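What follows is a set of notes on a single structure, which appears directly below.
Just so you know, residue 1 is the first one in the sequence shown, and it goes up from there. No experiment lies behind these values; they were computed from the predicted model shown.
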Amino acid sequence: DTQTALWHIKEAQLAGADALLLVAPYYNRPSQAGLLAHFSYLAERTELPIVLYNVPGRTVTDIQPETVVELARRFPGKIVALKDASGDLSRVVTQRMGAGPGFCQLSGDDPLVLAGYAFGQVGCISVTANVAPALCAEFHAAAAAGDYARARELNELLYPLHKAMFADASPAPVKYALSRVHAWFSPEVRLPIVECSDAAKAAVDAAMVLAGLG
C-alpha cells in the first residue's frame, strides 16, 4: 500500500540512497488511475529521483505506457526512468514518443535487451551481469555504440545464461551461479524460495561453460 511504500522511501533516504526503484503495487491490483495517484503521492513526498519498475509477471499490475508517459510529464526530473519487464517492446516506442528521448528506459529482462536497444532502451537492470559482469559490460558497450554484429555475438554467448537464471525460482539460480564463481559465496536462499533443482543447476553449469565461466 502507498503508506508502506512511503515508509520504505523515508528509510531509504535516511540510509543515504541516491535514488528509488518503485515497483507497481501488488495483490490489490489498482487501476491506472490508482497507479497515477500512488506514484504521484510518493513523488510529491521525496526529493530522490524515481525509477518506476513494471514487472506484471510478479505484481499482476501492469503500468501501461500512457501512465508512464503521464507520470514522466507530471514529474520531469523526478520520475526519470523505467525498468520494464513486461516483455512488450512495442511500448518502448510509445513511451519514447510521449516522454521524450531524455526519459531513461531500461530493460528488466536480459533476453530482450538486444532488441530493446533497437527500440530505444538504453541499458538493463540485469540479473546475468551479477554472474558475468565483464561479458555483459562488453555486450552493452557494443549495443550502445550501434555495433550490432558484435552485440549479437556476445548475446549468443550470454543468452543461455540469461535463460538459466530463471530455470528455477529466482534468485536461486543466480545465487548458485555466484557460488560457482566465488568460493566464498553461499547458494543459500530464504524461504519461500529453496535452492534450485538439479536440472536448474545443470542448465546454469552448461550456460556458464558456454560463456567461458565454467
Side-chain angles (χ1 to χ4, degrees), residues 8-9 11-12 15-24 26 48-59 81-87 89 104-117 121-145 147 150-214:
H8 283 290
I9 285 171
E11 291 298 307
D18 293 314
L20 303 166
L21 181 68
L22 299 185
V23 72
Y26 48 87
L48 294 178
I50 291 170
V51 180
L52 303 173
Y53 182 14
N54 189 35
V55 55
R58 292 185 179 273
T59 67
L82 169 71
K83 174 186 177 182
D84 185 70
S86 68
L89 289 173
C104 179
Q105 296 194 66
L106 301 167
S107 176
D109 193 350
D110 282 292
L112 295 179
V113 174
L114 181 57
Y117 270 104
Q121 290 179 336
V122 295
C124 179
I125 298 178
S126 172
V127 175
T128 307
N130 290 284
V131 181
L135 202 56
C136 285
E138 186 181 355
F139 161 75
H140 283 282
D147 184 356
R150 179 58 179 157
R152 278 193 298 271
E153 291 175 6
L154 293 164
N155 188 60
E156 288 170 8
L157 285 178
L158 287 164
Y159 192 79
L161 193 56
H162 296 331
K163 302 297 284 187
M165 292 300 95
F166 294 91
D168 210 331
S170 184
V174 69
K175 294 197 77 174
Y176 168 70
L178 284 167
S179 74
R180 289 202 49 211
V181 174
H182 305 292
W184 50 266
F185 196 94
S186 171
E188 182 181 358
V189 289
R190 290 178 293 180
L191 291 172
I193 305 300
V194 296
E195 288 192 33
C196 57
S197 66
D198 289 343
K201 289 178 180 178
V204 171
D205 291 342
M208 291 182 72
V209 169
L210 181 63
L213 302 170

Trace of the side chain to side chain contact (heavy atoms under 4.5 Å, CB included) decision for Val122 with Leu106: CA-CA 6 Å; Val122 295; Leu106 301 167; 4.1 Å; yes
Test log, rule side chain to side chain contact (heavy atoms under 4.5 Å, CB included), inputs Leu48 and Ile50: CA-CA 6 Å; Leu48 294 178; Ile50 291 170; 5.9 Å; no
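Looking only at side-chain heavy atoms (C-beta outward), Tyr53 and Ile125 stay at 4.5 Å or farther from each other.
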Can I get a per-line list of side-chain donor-acceptor pairs under 3.5 Å for residues 204-214, giving both atom names and the distance, sequence neighbours left out?
| unit_1 | atom_1 | unit_2 | atom_2 | d |
| --- | --- | --- | --- | --- |
| Asp205 | OD1 | Tyr176 | OH | 2.7 |
| Asp205 | OD1 | Arg180 | NH1 | 2.9 |
| Asp205 | OD2 | Tyr176 | OH | 3.2 |

Contacts table for residues 160-173: side-chain donor-acceptor under 3.5 angstrom, sequence neighbours left out:
| unit_1 | atom_1 | unit_2 | atom_2 | d |
| --- | --- | --- | --- | --- |
| His162 | ND1 | Thr128 | OG1 | 2.7 |
| Asp168 | OD2 | Ser197 | N | 2.9 |

May I have the list of side-chain donor-acceptor pairs in residues 181-190 shorter than 3.5 Å, sequence neighbours left out?
| unit_1 | atom_1 | unit_2 | atom_2 | d |
| --- | --- | --- | --- | --- |
| Ser186 | OG | Glu188 | N | 3.0 |

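In this structure, Gln121 CD and Leu114 CG are separated by 11.0 Å, a value rounded to the nearest 0.5 Å. Considering CG of Asp147 and CD of Glu138, their distance stands at 10.0 Å, rounded to 0.5 Å. The distance from atom NE2 of His140 to atom CG of Asn155, rounded to the nearest 0.5 Å, is 9.5 Å. The structure places CG of Asp84 at 7.5 Å from OG of Ser107, a figure rounded to the nearest 0.5 Å. Note that CG of Asn130 is 11.0 Å distant from NZ of Lys175, once rounded to the nearest 0.5 Å. The line from NZ of Lys83 to SG of Cys104 is 12.5 Å long, rounded to the nearest 0.5 Å.
Nearest heavy atoms, Ala151 versus Ala142: N-CB, 4.0 Å. Nearest heavy-atom pair, Tyr117 versus Ala143, reported as atom, atom and distance to 0.1 Å: CD1-CB, 3.4 Å. What you find for Ser126 and Ala129 is that their closest heavy atoms are OG-N, 2.9 Å.
Looking at residues two or more places apart in sequence or on another chain, you find a side-chain contact (heavy atoms from CB on, under 4.5 Å) between Ala12 and Ala17, Leu20. By the salt bridge (charged side-chain N to carboxylate O under 4.0 Å, His left out) test, Glu195 is found to be paired with no residue, residues two or more places apart in sequence or in another chain being considered.
Among residue pairs with one or both ends in residues 104-115, none qualify as salt bridge (Lys or Arg N to Asp or Glu O under 4.0 Å); sequence neighbours excluded.
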